[in-house]
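So that the names make sense, note that chain A is the first sequence line, chain B the second, and so on, each numbered from 1.
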Amino acid sequence: MEYNHQSLEKKWQQFWAEKGTFKPAATTDKPKYYVLDMFPYPSGAGLHVGHPLGYIASDIFSRYKRLKGFNVLHPMGYDSFGLPAEQYAIQTGQHPAVTTEANIKRYREQLDNIGFSYDWSREVRTSEPDYYKWTQWIFMQLFNAWYNVDADKAEPIDSLIKRFENNGSEGVNAVCDEDVTLFTAAEWKAFSEETQQLELLKYRLAYLRESTVNWCAALGTVLANDEVINGVSERGGYPVEQKKMMQWSMRITAYADRLLRGLDTVDWPEPLVEMQRNWIGKSVGASVKFPLPQFVSNIEVFTTRVDTIFGVSFIVLAPEHELVDTLTTIGQRAEIESYKEKTAKKSELDRMADTKTVSGAFTGSYAKHPLTGADVPIWIADYVLAGYGTGAVMAVPSGDQRDYVFAKHFNLPIIAISDVQDIAEEADATKEGRYINSDFIDGMVYEEAVPALIKRLEELGLGKAKINYRMRDAIFGRQRYWGEPVPVYFKEGLPYLIEEEELPLLLPEVDKYLPTETGEPPLGRADGWKYQGKYDYELSTMPGWAGSSWYWFRYMDPTNKESFAAKEAVDYWKSVDLYIGGSEHATGHLLYSRFWNKVLKDLGYHNEEEPFKKLINQGMIQGRSNFVYRVLDDEGKGTNLFVSHGLRDQYSTMALHVDVNIVYHDVLDTAKFKAFRPDFANAEFILEDGKYICGTEVEKMSKSKFNVVNPDDIIETYGADTLRLYEMFLGPLEQSKPWNTNGIEGVYKFLRKVWRLFHDAEGKLVISDEEPTKAEYKALHKIIKKVEEDIERFSFNTSVSAFMICVNELTDLKCNKRKILQDLIIVLEPYAPHITEELWALLGNEAGTISYATYPPFRPEYLVESEFAYPVSVNGKMKMNLSLALDLDPKAVEEIVLGNADVQRYLDGKGVKKVVFVKGKIINIVV
RNA sequence: GCCUAGGUGGUGGAACUGGUAGACACGCAGGACUUAAAAUCCUGUUCCCGUUAAGGGAGUGCGGGUUCGAUUCCCGCCCUAGGUACCA
């Protein structure tokens, strides 16, 4: 029998599906292991060869863990709410659910072709009512929760109401809006229902408030900060402007510190951890008040360098700061107004691009320095951002470059504050030296000055130590159709949750997927969509990240009708042990998921502080485009003549993308090229060495560049096992690399060699039950050890090489021993499950059971070297046998190498100055 | 600018805590089998010198350093990719 990958792979894929081979056991004494892939958005383009890279890696790991005796949960599903299906709906009128369903079907076929060991009975789709019912339910939990800082956790809103009823707002330490009211218990009880609800909204973790949002007019929706890149939308690259809107938000800032601390406990790639740290952006410093006696008020600033406070020579407010109008004197009014107007016109993008120009305006007012009482002039400038800190800074030109430039430009004083500071040319932010010109901290060092200053400021009531975060609360509403409806209705303008029994709140049908004529979101078009027939529902839907922020829980118990997942299931599977996906989710999905996980933990639904224990980022697979060079005539028009890459400099040419699927090793198949496009039918070629060589370039994989390689085509020609092995062989998993089919023959050849180990020249199975030789055992145990080590450190590419070496060795040994081959295919199973399943059955084992085999134990004794030809270097240069180097007899060398001898006894009198041991072995001798 | 990762043959890449750099694979060259092709197998393949060979020299982005010994560790620089930015 020949190795026929096509029939063999289909057969086993069907077998696995029918038998449910990869369903984890419900009850078992095996340890659990949860391997998760980031589930895909099912796009219309289908999968290309880059997409399954991470899935293959996680599948290898899952299968390996099964062989190692773990009860493995390895599920897959679809993040099926999203913009492309909605855009398509707007253009064609086709319901997004229909598009989505078709795309999912295609994805499923493609995934099935690769032979993944998913338990498809646990599939989830975020756009299914059975699923988004629980997304809505979690929203309700967030709405009904507040963050208690003293307990450092979220608590049900009822506990807050009780405190208000008993003690009023006294002593409540919450993460909440800034404009909360102070009241007594009696006052609380006297409040109207409306006032009470308005007040509670300021504490809820899911809350409604007017906030400045990133509004994208082209997409007709608001975007979260992580969806805006350099002032344009991540999706589509449309301009984004700032706009004030009533919006649902999530109080993720309450968790800033826990999100930061949790990063120390997870096993994630360092770059990703860094990205999250930067995103959260914790700054430790102080908040300082600069009094404004004439207004019985003060300006609050945040600084990380309170020690430089005596170097303050002015204060800068953001142009949008609320005190600007109050502070502007009559004389300065015109100047300030014109400056405000100018900055308002500048878009976020311009403001970021233009960091060179110094601009600002003086308000005409002065604040009192909190420690010296000196008058400090108050300016406005657009280098101070309204959205960070308090929107006001104390300017210390000697210690901050921006302040320095500003001071120089507007001729403001620059005060040195350290005896080692060099401020002749630019600011010097040093913390070294001792303070000068600094009142009572003169002569102190940094470490003494900071606590002394904080203490003094606290005594004066003009400042305190403070921690500031860059991260903002997450905007939760989208003015879109294809998303989860928010389970909220409005009564007297106030939001109320619908009853839990009324979930899911189904997405209503609409006639069109565009905003209404009055500018309301698409849901405003839904006929008679009112709560109890009279109250307006919330019209915005949830953002894309809602459904993906908890999905790993649903896999644990995907069909549960009573809860998002049964307590027993959650207690058993706990959290994800291994998560594989792209690093592009660093500040979106991975942050929001950690946030919701923590909220659900605080509310008592599970016990895991972090959802993803270990995380691996697979690299992006780019496209590798091929080009042909069309010769241009004198008028610069394209001819029907195409010149090979090496000769193109001799002509005037135009490079054209050519389908990579008709190019082999960069040699164009000219016959297929003529059929590629009708206008190429009469193409002629200028060849080099009888071939047409194409040019190449690495680009994003996309249809328009004709560089998309469909895994289905590869599988058709070489099989799924080859694809799996080759994707791993391509290089380290984490690395981004261009796809190149050139080397795939090598792994295909390897699989045929594996097949031939079991078969003779006629294709007949020939297996011997004889005892294997030492050399055969050695080859086997080398691979057992190597693959185990490689998989544990996610170095899949080196395993593939090791397999090739092993099979070459066994082929040379003409090994056909059952004891060797059976263990070999068990070790190979995670990488190439189809061929191994077939061979397993051919060996007479029960069909379809290799996945439940036991990974063969490694026996080190088979790897021990018996010879004593032991190379050493002498003076780090020459390499020679130890017996030659020291003129010793082989017996003595054997004793030394085995560590049984007193080395010195043999080395005395040989002129040896130093012996270098590595791991107990002699590596080098210095004479 | 800052943070992170990386820079090794014609190509993808290997070398796991410092110990024979270039495993494995592709490609290329030559050969065997075959009427021929496919398939398969064998040999060679870092560069330079040496007619072949024996042998010698250089070599992991660049310049230094530590060490008997450095792709690996340290210092300074250059380049590439990703992230991020008037964040006070």
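Both tests do not hold together for Arg594(A) against Trp279(A): distance to the six-membered ring centre under 6.0 Å, angle to the ring axis within 45°.
Using the Watson-Crick or G-U wobble rule with both distances under 3.5 Å, rG9(B) pairs with nothing in any strand shown. Figure legend. rA58(B) is base-paired to rU46(B); pairs are counted as Watson-Crick or G-U wobble with both atom distances under 3.5 Å. Look at rU20(B): it lacks any Watson-Crick or wobble partner with both distances under 3.5 angstrom. Searching all strands for a Watson-Crick or G-U wobble partner of rU66(B) with both distances below 3.5 Å returns nothing. The nucleotide rU71(B) finds no pairing partner, because no Watson-Crick or G-U wobble arrangement with both distances shorter than 3.5 Å includes it. Nucleotide rU40(B) has rA32(B) as its partner under the Watson-Crick or G-U criteria, with both atom distances under 3.5 Å. Pairing partner, rU4(B): rA81(B), with both Watson-Crick or wobble hydrogen-bond distances short of 3.5 Å.
Taking atom C1' on both nucleotides, rU72(B) is separated from rG65(B) by 15 Å, rounded to a whole Å. One P atom belongs to rC75(B), the other to rG10(B), and the distance between them is 31 Å to the nearest Å. rG57(B) sits 31 Å from rG6(B) when the C1' atoms are compared, rounded to a whole Å. rC41(B) and rU51(B) have their C1' atoms separated by 31 Å, given to the nearest Å. The gap from the C1' atom of rG27(B) to that of rU46(B) amounts to 15 Å, rounded to the nearest Å. Here the separation of rA25(B) from rA14(B), taken at their C1' atoms, is 11 Å to the nearest Å. On the C1' atoms, rC26(B) is 30 Å away from rG19(B), given to the nearest whole Å. Between the P atoms of rU8(B) and rG63(B), the separation comes to 16 Å (whole Å).
Nucleotide rA23(B) holds its C1' atom 12 Å from the CD atom of Glu809(A), rounded to whole Å. Here rG83(B) presents its C1' atom at 12 Å from CG of Asn617(A), a figure rounded to the nearest Å.
Of the listed nucleotides (rG12(B), rC3(B), rC87(B)), rC3(B) has the atom at the smallest distance from the side chain of Glu274(A). With rC87(B), rG13(B), rA23(B) as the choices, the nucleotide that has an atom nearest any side-chain atom of Leu385(A) turns out to be rC87(B).
In this model, the phosphate group of rA88(B) is not approached by any side-chain N or O of Tyr383(A) to a distance below 4.0 Å at OP1 or OP2. At the phosphate of rC87(B), OP1 or OP2 sits under 4.0 Å from a side-chain N or O atom of Arg402(A). Contact annotation: Asn797(A) does not reach the phosphate of rA25(B) (side-chain N/O to OP1 or OP2, under 4.0 Å). Of the side-chain N and O atoms in Lys749(A), none sit less than 4.0 angstrom from OP1 or OP2 of rC41(B). At rA88(B), one or more side-chain N or O atoms of Ser283(A) fall inside 4.0 Å of OP1 or OP2 (strictly under the cut-off). Checking the phosphate oxygens (OP1, OP2) of rA85(B), a side-chain nitrogen or oxygen of Arg470(A) falls inside 4.0 Å.
Contact annotation for Gln401(A): no contact, since no heavy-atom pair falls under 4.0 Å across all strands. Using a 4.0 Å heavy-atom distance criterion, Phe803(A) is classed as making no nucleic acid contact. Backbone-only engagement by Arg752(A) is indicated by non-hydrogen atom pairs under 4.0 Å involving sugar-phosphate atoms exclusively. Nucleic acid contact class of Lys282(A) (heavy atoms, under 4.0 Å, all strands): none. Looking at heavy-atom distances under 4.0 Å, Asp403(A) makes no contact with the nucleic acid at all. Counting non-hydrogen atoms under 4.0 angstrom, Asn742(A) reaches the backbone sugars and phosphates but no base.
Using bins of under 30°, 30° to 60° and over 60° for the plane-to-plane angle, the ring pair Phe314(A)/Phe406(A) lands in the parallel bin. The aromatic rings of Phe302(A) and Tyr388(A) lie perpendicular to each other, with more than 60° between the two planes, well past the 30° mark.
Using a 4.0 Å cut-off between a side-chain N of Lys or Arg and a carboxylate O of Asp or Glu, Glu274(A) and Arg277(A) qualify as a salt bridge. With respect to Lys408(A) and Glu426(A), no salt bridge is recorded, no charged nitrogen being found less than 4.0 Å from a carboxylate O.
Nucleotides of RNA chain B nearest to Pro732(A) and Gly743(A) differ in position, and the one nearer the 5' end is that of Pro732(A). Summary of the strand contacts: Trp279(A) and Phe302(A) both lie near RNA chain B, and taking for each the nucleotide with the nearest heavy atom, the more 5' one is attributed to Trp279(A).
A donor-acceptor distance shorter than 3.5 angstrom exists from the side chain of Thr363(A) to the backbone of Ile378(A), with no hydrogens or angles considered.
Ser398(A) is not listed as a side-chain neighbour of Tyr404(A), based on a closest heavy-atom distance of 4.5 Å or more.
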